[in-house]
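Below is one structure, written out as structure tokens, with a few remarks after it.
Just follow the structure's listing: the first ligand is 1, and inside any ligand the first atom is 1.
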Amino acid sequence: MDVDQQCVKPREIDLVTMRAQKATARRYEAATWLRKMGAAELPETPSEEEFKFFLKNGIVLCNVLNKIHPGAVSQVVEEPVGSTGPEEIAALCAYQHFENLRNFVVAVQDLGLPTFEPSDLQQEGTSLGVVNCILALKSYIEVNKQQRPLPPKSHGQSTPSVQGRQVMRKYSGLFRSSSLRDSNLEKNTISVDFSIKSTEMSGEAKPILFCSKKEGLKIKCASFEWQKKQIQDLKHCLQDLKNGVEHIGRQQFEDIARLGKNLHEVAKAASGYQKVLEENRKLYNQVMDLKGNIRVYCRVRPFLPGQSKDPSTIGLIEEGKITIVTSKNGKEGFKPFNFNKVFSASATQEEVFSDMQPLIRSVLDGYNICIFAYGQTGSGKTYTMSGPKEVTETSMGVNYRALNDLFYIIENRREIFSYEISVQMIEIYNEQVRDLLSKKIRNNPQNGLAVPYASVVTVQSTADVIELMKLGQGNRAVGATAMNDRSSRSHSCLTIHVKGKELTSGTIQRGCMHLIDLAGSERVEKSEARGERLKEAQHINKSLSALGDVIASLAQSSSHVPYRNSKLTQLLQGSLGGQAKTLMFVHISPEMNALGETLSTLNFAERVSSVELGAARANKESVEVKGLREEITSD
Ligand SMILES: Nc1ncnc2c1ncn2[C@@H]1O[C@H](COP(=O)(O)OP(=O)(O)OP(=O)(O)O)[C@@H](O)[C@H]1O
């Protein structure tokens, strides 16, 4: 079976078989009739080839037609004449047979009956047209028997007879009652017009015609049965189609239900994942809380190049403890201080950052964080927060590392959260707030600038923030032209605002991180300070001790926290206390000549470091340190 055949659908195969069977039956009918009309040599049930073979010389056909209509074919060539050699005989035969067929066809045409092409009887031709023509002749004779005897053919008659036209209609498939002109016939016959196509005639001629009323009824019944069967078949087809559509519909419904179930499971898994994530976050922040909301770290600056390393004020450094070597009149003393963590002079920027990294990350979960760099001028505050003047990958400070880390986590959480990061940068100098990110520095000489009104700039990457920080530093320098070395006498505050949206629930979380490089903590002796310098010193002292008070109150969970005592604490009010986390980075220099400042700094730092140390102990030590400091300065 070839591909074309494989593609034929069962119903189409049925129709082809039916047509072939019908064509065979009609061929047999034609053969039987021809035999009756005298062509005894023709088999009763000839194959297509046999049928064509017996008729192809046209003799049988011409003789039969002459029997029906005497003289219809005036000359029938029975044998070839004037033959010389076998080739010539064959050619002559072919010519004379063709003549016979042509004469037959012309005669049939004259009768108004359907004809065929002589080539139809050749080997490659089809006998369908020939069969149609023979059966038309048969019908023609039957009709004429009922009517009147056929007149002999008068040659030269060219218009088809009425009967011929009637029979032709049967086989041409073009039945038009309007062509009926014989009133007698109209009375006695029934016209059935199926208007079928001539191509269908070959195999499936419908029962039709001008015949008796009884026969007409018979034909009608047959036609009705046939149509009924066709309708039945169509109904089956329609039912099959309906079943198919219903089946597809059911399948689609099942598929959608399955997809829905899968989606539900995915959503469930996602919500489970969200829950785990949420729990992790809670646990993580609980750990952070256990570590304390206020943490104080101490960092020792190494000796600077060219400085003598001896003597040093730094004694033993343990995990959370530093012992300061005090020396008076050749007598050595040791003073221990406790912190959450102490970093020696050899600690790298990376080590310092990795310890505070988890705290910084909690800003993405909606926590507020303050990181302060505290210490006397030159003790390394800017180094910790930003790095040295020429920043490299290893020397970069907390600011850059924190931002890199935030953007890294934001990228990792991209499918769960969408974050918006914006930045503010301000400076507090002499209790006035200045917006360092404004193109034109905003500075209200009366009350300074409230932070909510300082420029907030949205950023997409660490690089954006570095650009802004450069702008801020530049603005700081502009402000400093009139006053020498102003940076060490003002507080600079870089604030990073984070707005996170959980994609599934749409929940919004806001957190912010303040990175504050405080003004130098050294105390200026009243006797030394004059004019601007005295004013600056007073503002710095006031704001630093206000900050110390606030943090100490928070560490002791006091009912009253004195936020309003300085601009700095006022501005940071929302980010200090409660769930907020505060990290105080205390910086000390190792030189012996800085011992007084070192003790003063450490005393301040330890006072705010933890509840356990408490105010009482801090006060007691404060008295001790004060006495020691007074002794040193009096020397
Ligand atoms: N941990 C450190 N390792 C190496 N060098 C350091 C370290 N800390 C500080 N320095 C260097 O010490 C010098 C003073 O440091 P820095 O400017 O950071 O001090 P500061 O406290 O910010 O001073 P100021 O209050 O004047 O701003 C700088 O040259 C800095 O590079």
Does H587 have any ring pair (Phe, Tyr, Trp, His ring centres under 6.0 Å) partners at least two apart in sequence or in another chain, and if so, which?
F585
Ring pair (Phe, Tyr, Trp, His ring centres under 6.0 Å) with Y419: which residues, sequence neighbours excluded?
F417
Any N/O of T382 closer than 3.5 Å to an N/O of ligand 1?
yes
Below 3.5 Å, N or O to N or O, backbone or side chain included: is there any such pair between G378 and ligand 1?
yes
Answer with yes or no whether M385 contacts ligand 1, where contact means a heavy atom under 4.0 Å from a ligand atom.
no
Check for me whether H587 has a heavy atom closer than 4.0 Å to any atom of ligand 1.
no
Evaluation steps, side chain to side chain contact (heavy atoms under 4.5 Å, CB included), between I314 and I588:
CA-CA 9 Å; I314 310 301; I588 53 171; 3.7 Å; yes
Can you confirm whether the side chains of R299 and Y297 place a donor and an acceptor under 3.5 Å from each other?
no
Check whether the side chains of Q349 and Y383 place a donor and an acceptor atom closer than 3.5 Å, and report yes or no.
no
Nearest 0.5 angstrom please: L494 CG to L403 CG, how far?
6.5 Å
If you measure from each non-hydrogen atom of [X] to ligand 1, which part falls under 4.0 Å: side chain, backbone, both or neither?
| X | answer |
| --- | --- |
| L304 | side chain |
| R299 | side chain |
| K381 | both |

Q376: numbered ligand 1 atoms lying under 4.0 Å from its heavy atoms
21 (O)
Among S492, G380, P302, which one puts a heavy atom closest to atom 1 (N) of ligand 1?
P302
Pick from R434, K567, R489: which one makes a salt bridge (charged side-chain N to carboxylate O under 4.0 Å, His left out) with E427?
R434
